[in-house]
Student: 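Quick one: the structure is below, and I'll ask about it shortly.
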Amino acid sequence: MHRYLLLMLALVLFGCPDGDSGGLLPDDDDAATDDDDATDDDDATDDDDATDDDDATDDDDDVVPDDDDVVPDDDDIAPDDDDIAPDDDDVATDDDDVATDDDDVAPDDDDTAPDDDDTVSDDNDTAPDDDDDVPDPTVLEATTYCLDWSTVTFDEPTNLVTALSFAGIAIEDYPLLVNPTSVDTTLDQIEMLVAQANISSCSQNLAEPTVDLTSAGPGTYVSPTFSVGPADFTITTTSAVVNIFGLSFTGDFTLPDGGQITDSTLSGEMDVTAFASFCGVLGWTCSPCPGFPAQTCVDLTVSGAVWTDNGLGPLTP
């Protein structure tokens with residue numbers, strides 16, 4: 001009897017367990033911020049430790065950017081696409097889903113579909129359609145380009161054509177020829193020859209030397225733009241020999257086939273010893289030629305030159 005009375009007294013003093021204080025019922029109807037049920041994250045704040053979604057509902061209702069539910073919806077704010085849906089629904093530029101759709105904004109075509117849907121000029125799909133905008137290196141290496149002097153602007157010296165005409169030289173009668181001999185799109189390098197054409201034609205004058213513009217080292221090539229030189233070059237006319245020291249050459253291959261070179265420039269030091277006494281009259285800034293101080297040179301810069309495939313294949317070295 002005494003034991004029974006003591007048991008009843010303990011129940012009166014301490015009470016029985018109910019839903020407001022324990023974690024046995026699935027409704028968490030207490031006021032503590034501990035979310036101690038197993039249904040929905042219904043604590044008084046957002047989650048008592050603010051680091052994990054500790055209910056069993058697929059709603060990712062914590063504030064941590066970790067998408068810790070099992071629903072394929074990537075409903076966190078982190079740029080990581082951590083769901084299993086093939087939709088790349090993050091904000092990162094990495095197409096990290098498994099679909100063949102390259103749905104990121106990076107220029108890298110990282111899907112497996114044969115569509116080359118990036119913006120890089122590299123044709124990195126598997127379709128036989130060459131849908132990039134890089135000229136085929138083997139085509140460039142098999143092409144000789146002929147300069148159209150009528151497209152050239154003589155930036156310096158501005159009155160060179162007039163001066164040459166007084167010496168009996170019509171520059172347009174002496175086209176130049178260039179031929180890429182090696183085009184490496186992996187190393188971004190190019191090698192190139194330059195030669196003189198026969199008078200008033202675009203066929204190579206085999207009596208004149210062919211010069212390697214990249215003899216000192218390969219030029220640079222990032223499609224469509226290249227830069228080669230410097231190298232010394234000579235234009236032989238019927239009335240005079242015109243030496244150009246340190247000739248450099250830049251331009252753009254036309255896309256997609258490389259049929260022309262446009263927006264090109266030529267620069268160097270031009271030997272004008274024959275006009276040395278007229279430098280002041282002509283308004284030229286003359287100086288000793290590099291390596292030949294007894295000769296007189298003037299800075300040569302031309303721009304806007306257009307070169308066209310002569311259809312005769314590569315130059316003869």
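Note that the structure is a prediction, hence the values are computed from the model and not measured. All heavy atoms count here, side chains included; hydrogens, waters and symmetry mates do not. All residue numbers in this chain count up from 1 along the given sequence.
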Student: Under the criterion disulfide bond (SG atoms under 2.5 Å apart), I'd like the reasoning laid out for Cys297 against Cys286: C-alpha separation, chi angles, the key distance, then a yes or no.
Tutor: CA-CA 6 Å; Cys297 277; Cys286 297; over 6 Å; no
Student: In Å and rounded to the nearest 0.5 Å, what is the CG to OG1 distance from Leu193 to Thr214?
Tutor: 7.0 Å
Student: Below 6.0 angstrom between ring centroids: does that apply to Phe245 and Phe292?
Tutor: yes
Student: Can you tell me if Asn243 and Thr234 form a side-chain donor-acceptor pair at under 3.5 Å?
Tutor: yes
Student: So Phe253 and Phe226, would you call those rings parallel, tilted or perpendicular, with 30° and 60° as cut-offs?
Tutor: tilted
Student: Output, in order, the C-alpha distance, side-chain angles, deciding distance and verdict of side chain to side chain donor-acceptor pair (under 3.5 Å) for Asp252 and Thr262.
Tutor: CA-CA 5 Å; Asp252 294 338; Thr262 60; 5.1 Å; no
Student: Once rounded to the nearest 0.5 Å, what's the spacing between atom CG of Leu282 and atom OG1 of Thr158?
Tutor: 9.5 Å
Student: Under the ring pair (Phe, Tyr, Trp, His ring centres under 6.0 Å) rule, what do Phe275 and Phe166 come out as? Steps first, then yes or no, please.
Tutor: CA-CA 10 Å; Phe275 301 95; Phe166 285 139; 8.8 Å; no
Student: Check the pair Phe233 / Leu213 against side chain to side chain contact (heavy atoms under 4.5 Å, CB included), numbers first and verdict last.
Tutor: CA-CA 9 Å; Phe233 183 68; Leu213 283 170; 5.8 Å; no
Student: Any chance the side chains of Asp309 and Thr143 put a donor and an acceptor closer than 3.5 Å?
Tutor: no
Student: Could you pull out the closest heavy-atom pair between Ile244 and Gly268, with the gap in Å?
Tutor: CG2-CA, 4.3 Å
Student: Examine the side chains of Asp184 and Gln189 and answer whether a donor and an acceptor come within less than 3.5 Å of each other.
Tutor: no
Student: Are a donor atom and an acceptor atom from the side chains of Asp188 and Thr220 found within less than 3.5 Å of each other?
Tutor: no
Student: Side chain to side chain contact (heavy atoms under 4.5 Å, CB included), that's the test. Do Trp307 and Ser264 meet it? Break it down for me.
Tutor: CA-CA 8 Å; Trp307 310 63; Ser264 75; 2.9 Å; yes
Student: I'd like to know if Cys202 pairs up with Cys146 as a disulfide, counting it only when the SG to SG distance is below 2.5 Å.
Tutor: yes
Student: Between the side chains of Ser203 and Asn198, is a donor N or O closer than 3.5 angstrom to an acceptor N or O?
Tutor: yes
Student: Please step through side chain to side chain contact (heavy atoms under 4.5 Å, CB included) for the pair Leu300 and Glu156, ending with a clear verdict.
Tutor: CA-CA 5 Å; Leu300 172 68; Glu156 190 176 5; over 6 Å; no
Student: Taking all heavy atoms of Met192 and all of Val178, pick out the closest pair and write down the distance.
Tutor: SD-CB, 4.0 Å
Student: Is it true that the side chains of Trp149 and Asp173 contain a donor and an acceptor less than 3.5 Å apart?
Tutor: no
Student: When rounded to the nearest 0.5 angstrom, what is the spacing between OG1 in Thr250 and CG in Leu266?
Tutor: 8.0 Å
Student: Among all residues two or more places apart in sequence or in another chain, which pass the side-chain contact (heavy atoms from CB on, under 4.5 Å) test with Leu206?
Tutor: Gln204, Thr316
